[in-house]
Enquirer: 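Pasting in a structure now, in structure tokens, and then I'll have a few things to ask.
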Amino acid sequence: MKHVASADGTRIYCEEEGQGVPVVFVHEYGGSCRSFDGQVAAFRERYRCVVFNARGYPPSEVPASVDAYSQDHAVADIASVFDGLRIEKAHLVGVSMGAASSLQYALRIPARVLSATLVGIGSGSDDPATFRANAEANAKLLEAGGMAALAAQMNQSPTRRRLKDKNPAEFRRFNEQLMAMPPLGHANTSRGVQARRPTLYVHEKRLAALAVPVLVVVGDEDEPCRKPSDFLGGVLPDARLHVFPETGHCVNLENPVEFNRLCLEFVGAVR
């Protein structure tokens, strides 16, 4: 357990377990480094597993200004983890918001990425105006009602209801972790990262030139991510697309055994 300094000085909390080739896990908006406990348990016998909390998610620092939050900052935070832990190259596993920043890191510094597993990526790409409006609404909801209000809303989302049915223990744990976070960090993340993030489609030419093996994973009921995932599967030169049946947005939490098997197989095949 340690903190590393990002490019702007923001302190980023990270943990590591195991030995071997590094695998860096990057969490989603509603999660934290704890979201990958099930993956770390499966990977640590063969790999050096690294997890960290995004800025705004304690024990990482929570900058007060929304200007300290953006996808560029998120990419810089991944770079700070690589540099701070002296990781030359690693496999990346990103979920949702973390998948978006992982992909951008791979596009900017492909030489340091052995592979990228992108889970539930692309929300907002097909209707960016509505996505931006919802991100601002979420920020205002947090300011008015705190984390309890956000948790209640997320639990009612059609893309997240499956988690409660399929893995009740993880559903409770997810909510406990979410409720422990400060509203300021999530509000600033909504406005600075989510609302300002470009759609995946604007990166088409860069994606077509990305020489990194990519596994794209999506739940068949995660409607906002289906078309963007299909797009990535078609445009990336070395991509594999896997669709989990009867699954929403929280793929790694809903289907931990199957997800771990899939990722271990993919990562293990990369040379």
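None of these values were measured; they are calculated from a predicted model.
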Enquirer: If two hydrophobic side chains count as joined below 4.5 Å and joins carry through other members, does V26 share a cluster with Y13?
Expert: no
Enquirer: Mark yes or no for whether Y69, through its side chain, and P63, through its backbone, hold a donor-acceptor pair below 3.5 Å.
Expert: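 At least one qualifying donor-acceptor pair exists.
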Enquirer: Without swapping roles, check the side chain of S60 against the backbone of N53 for a donor-acceptor pair under 3.5 Å.
Expert: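 Here the side-chain-to-backbone pair exists.
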Enquirer: Please say which of D222, V216, V217, L215 ends up in a side chain to side chain contact (heavy atoms under 4.5 Å, CB included) with V119.
Expert: V217
Enquirer: For R112, is there an ion pair with E88 - N to carboxylate O distance below 4.0 angstrom?
Expert: no
Enquirer: Within this structure, what is the CG-CD1 distance for the pair L103 and I121, rounded to the nearest 0.5 Å?
Expert: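 Nearest 0.5 Å value for the CG-CD1 distance: 5.0 Å.
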Enquirer: Does E254 use its side chain to pair, donor to acceptor, with the backbone of G248 at less than 3.5 Å?
Expert: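 Yes, because the side chain of E254 sits within donor-acceptor range (under 3.5 Å) of the backbone of G248.
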Enquirer: In Å and rounded to the nearest 0.5 Å, what is the CZ to CG distance from R46 to L264?
Expert: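 Those atoms lie 5.0 Å apart.
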Enquirer: After noting the C-alpha distance and the side-chain angles of R108 and D72, does the key distance pass the salt bridge (Lys or Arg N to Asp or Glu O under 4.0 Å) rule?
Expert: CA-CA 11 Å; R108 297 180 195 188; D72 287 341; 2.5 Å; yes
Enquirer: For the residue pair N255 / K166, report whether a side-chain donor-acceptor contact shorter than 3.5 Å exists.
Expert: yes
Enquirer: Which value, rounded to the nearest 0.5 Å, describes the distance between R206 atom CZ and Q104 atom CD?
Expert: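 Here the interatomic distance stands at 5.5 Å.
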Enquirer: Apply side-chain contact (heavy atoms from CB on, under 4.5 Å) to V202 and list each qualifying residue two or more places apart in sequence or on a separate chain.
Expert: P198, T199
Enquirer: Verify the ring-centre separation between F25 and F43: is it less than 6.0 angstrom?
Expert: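 Yes: the rings meet the under 6.0 Å criterion.
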Enquirer: Taking the inter-plane angle between the rings of H91 and Y47 on a 0 to 90° scale, is it parallel (under 30°), tilted (30 to 60°) or perpendicular (over 60°)?
Expert: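 Taking Y47 first and then H91, their aromatic rings stand perpendicular (interplane angle over 60°).
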Enquirer: Tell me whether the rings of Y29 and Y57 are parallel (<30°), tilted (30 to 60°) or perpendicular (>60°).
Expert: perpendicular
Enquirer: Got a second to check how far H249's NE2 is from R162's CZ, nearest 0.5 Å?
Expert: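 That separation rounds to 16.0 Å.
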Enquirer: Any donor and acceptor pair, going by atom type alone, linking the side chain of S157 with main-chain N or O of M154 inside 3.5 Å?
Expert: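 Side chain of S157 to backbone of M154, a donor-acceptor pair under 3.5 Å: no, none is there.
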Enquirer: Does the S125 side chain pair with the main chain of P228, one donor and one acceptor, at a distance under 3.5 Å?
Expert: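 Absent.
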Enquirer: Using every non-hydrogen atom in the two residues, find where L118 and A99 come nearest and quote the distance to one decimal.
Expert: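 It is CD2-O, 3.6 Å.
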Enquirer: Find the distance between CG (L253) and CG (L163) and round it off to the nearest 0.5 Å.
Expert: 5.5 Å
Enquirer: Among the clusters formed by ILVMFWY side chains lying less than 4.5 Å apart, do F259 and V267 turn up in the same one?
Expert: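 Linked within one cluster.
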Enquirer: For Y201 and D126, test the side chains for any donor-to-acceptor distance below 3.5 angstrom and give the result as yes or no.
Expert: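 Indeed, the side chains of Y201 and D126 share at least one donor-acceptor pair under 3.5 Å.
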Enquirer: Is the shortest distance from a Lys or Arg side-chain nitrogen in R240 or E265 to a carboxylate oxygen in the other one below 4.0 Å?
Expert: yes
Enquirer: Hydrogens and angles aside, do S6 and D77 bring a side-chain donor and acceptor to less than 3.5 Å of each other?
Expert: yes
Enquirer: Under the side-chain contact (heavy atoms from CB on, under 4.5 Å) rule, collect the residues that match up with D127, sequence neighbours excluded.
Expert: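 Here the qualifying residues are A129, T130.
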Enquirer: Quick one: does any side-chain atom of N188 pair with a main-chain N or O of A64 as donor and acceptor, under 3.5 Å?
Expert: yes
Enquirer: Working to the nearest 0.5 Å, report the span between OG of S35 and CD of E28.
Expert: 6.0 Å
Enquirer: Does the pair R261/E258 count as a salt bridge with the N-to-O cut at 4.0 Å?
Expert: no
Enquirer: Would you say the side chains of T10 and R55 form a donor-acceptor pair under 3.5 Å?
Expert: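 Present: a donor and an acceptor within the cut-off.
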Enquirer: For E223, does the CD atom have more than 12 heavy-atom neighbours from other residues, nucleotides or ligands under 6.0 Å away?
Expert: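 Open.
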Enquirer: Going by atom types only, do N138 and Q153 share a side-chain donor-acceptor pair under 3.5 Å?
Expert: yes
Enquirer: Could you tell me whether the side chain of H27 and the main chain of A54 form a donor-acceptor pair under 3.5 Å?
Expert: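 Here the side-chain-to-backbone pair exists.
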Enquirer: Does D37 pair with R34 as a salt bridge, N-O distance under 4.0 Å?
Expert: yes
Enquirer: May I ask whether I78 and L107 are part of the same hydrophobic cluster, defined by side-chain heavy atoms of I, L, V, M, F, W, Y residues being less than 4.5 angstrom apart, directly or through others?
Expert: yes
Enquirer: Is the shortest heavy-atom distance from the side chain of N252 to the side chain of Q39 under 4.5 Å?
Expert: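 The answer is yes; the side chains approach within 4.5 Å.
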Enquirer: Run the numbers on E170 and R173 for salt bridge (Lys or Arg N to Asp or Glu O under 4.0 Å), then give the verdict.
Expert: CA-CA 5 Å; E170 195 59 52; R173 191 165 175 262; 3.2 Å; yes
Enquirer: When hydrophobic residues are tied together by side-chain contacts of less than 4.5 Å, even through go-betweens, does V212 share a cluster with V21?
Expert: no
Enquirer: Treating D220 as the side-chain partner and V243 as the backbone partner, does any N or O pair qualify as donor plus acceptor under 3.5 Å?
Expert: no
